[in-house]
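Only one structure is covered here, and it is reproduced in the block below.
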Amino acid sequence: MASKTRLFVDHPLGAAQSVPLSREQAHYLFGVMRLSVGAVVSLINGADGEWDAEVVEVGKKGGILLCQTQTKPLQMPPDVWLVFASIRKERTAFIVEKATELGAARIMPVQTEFTNNADRLKVEKLRAHALEATEQCGGTYVPPVDDLAKLGKLLDGWDASRRIMFCDETMLGKASVLDAGLTGPWAIFIGPEGGFSARERDRLRDMACAHPVSLGPRILRADTAAVAALTLWQNAMGDWS
C-alpha cells in the first residue's frame with residue numbers, strides 16, 4: 001500500500017525500528033485518518049530522512065509503527081535564514097509556514113522599533129506551524145524557529161561571514177541585482193508594517209555584509225515580502241538554481 005499520511009515523530013528512525021505513538025498521534029492516525037493495522041505511514045524526525053512505517057498496533061491511547069524502508073534521505077535546505085519582524089498573529093504564522101515550504105534553514109522573529117505586538121508572539125505555536133508545513137510539503141528537515149530577539153541585540157553579535165539580503169522599502173522602484181556569485185551563508189531581513197526605522201536602515205547599510213535590495217515597484221505587505229525575497233534568493237543562489 002502506498003504511503004499517504006506523513007507524520008513527524010520525536011524518535012529515531014531506521015530499518016526495523018519500532019516507533020511508539022503518543023495519545024495525540026494515535027488519535028490523529030486512528031481516529032481522524034481512520035488507519036488500521038497494516039496501513040503505511042511516512043515518518044520524519046528532522047534527522048533520519050523519511051521512512052515508510054507499517055501500523056502494527058492500534059490503541060485509543062497509543063500505538064506502534066514499524067519502520068520498513070527509507071524513502072528519502074535527509075534533505076537539508078541551503079544555508080539561508082529568514083529574519084523578520086513580528087506582525088499580526090495569522091500573518092506571522094503564514095510567514096513561518098511559507099518560509100518552511102520555500103526552504104529557509106532557520107526562522108528568526110525579531111522586535112524592531114516599529115514592532116507593536118511582540119508581547120503576543122506565541123513561539124511554540126510558530127514551531128508547530130513549521131512542523132506541520134514540513135509534513136505537508138514533503139520536506140524532511142524542520143527549520144528551527146527562534147525565540148523573539150531584539151533586532152539591535154541580534155546585530156550586535158552578528159557574524160560578518162553571513163551576508164544579509166536587506167529588503168529596503170526606501171529603494172522602491174530602484175533597480176537592484178542580487179549577485180549570484182556571493183555564495184556562502186546568508187540571511188534575509190524583512191521589516192514590519194511601516195518598514196525599518198531610519199536608524200535601523202542606517203545601521204544595516206553600514207554593515208559591510210549587508211546588501212540592500214528592492215522588491216519591485218510596489219509596496220509589499222510584510223508577509224508577501226518574505227515570500228518574494230525567499231523566492232528571489234532561492235532562484236539566484238539556492239537549491240532552485
Using every non-hydrogen atom in the two residues, find where [X] and [Y] come nearest and quote the distance to one decimal.
X: Met165; Y: Ala229; answer: CE-O, 3.8 Å
X: Thr115; Y: Ser86; answer: CG2-O, 3.7 Å
X: Leu126; Y: Val96; answer: O-CG1, 3.4 Å
X: Cys209; Y: Ala160; answer: CB-O, 3.4 Å
X: Ala226; Y: Leu82; answer: CB-CD2, 4.3 Å
X: Leu65; Y: Leu43; answer: CD1-CD2, 3.6 Å

- prompt: Is there a donor in the side chain of Thr140 and an acceptor in the side chain of Glu50, or the other way round, less than 3.5 Å apart?
  reply: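 No, no side-chain donor-acceptor pair sits under 3.5 Å.
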- request: Answer with yes or no whether the side chains of Asp168 and Ser214 bring together a donor and an acceptor at under 3.5 Å.
  value: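 Side-chain D/A pair, Ser214 to Asp168: absent.
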Within the side chain of [X], is there an N or O that forms a donor-acceptor pair under 3.5 Å with the backbone of [Y]?
X: Gln70; Y: Ala15; result: no
X: Glu132; Y: His129; result: no
X: Arg201; Y: Phe196; result: yes
X: Asp52; Y: Gln68; result: no
X: Thr224; Y: Leu220; result: no

- prompt: Does atom CD1 of Ile219 have more than 12 heavy-atom neighbours, drawn from other residues, nucleotides or ligands, at distances under 6.0 Å?
  reply: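 Check fails, neighbour count at 12 or below.
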- prompt: Just wondering, more than 12 heavy atoms not from Lys72 lying within 6.0 Å of its NZ?
  reply: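 Yes, because the 6.0 Å sphere around NZ of Lys72 holds more than 12 heavy atoms from other groups.
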- prompt: To the nearest 0.5 Å, how far apart are CD in Gln25 and CG in Asp10?
  reply: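 Atom-to-atom, Gln25:CD and Asp10:CG are 9.0 Å apart.
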With a 4.0 Å cut-off on N to O distance, would you call [X] and [Y] a salt bridge?
X: Glu193; Y: Arg91; result: yes
X: Lys122; Y: Glu124; result: no
X: Arg203; Y: Asp156; result: yes

query: Are the aromatic rings of Trp158 and Phe189 close, with centres under 6.0 Å apart?
result: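 When the ring centroids of Trp158 and Phe189 are compared, they turn out to be within the sub-6.0 Å range.
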field: Distance under 6.0 Å and angle within 45° of ring axis: Arg162 vs Trp81
entry: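 Yes, cation above the ring, under 6.0 Å and within 45°.
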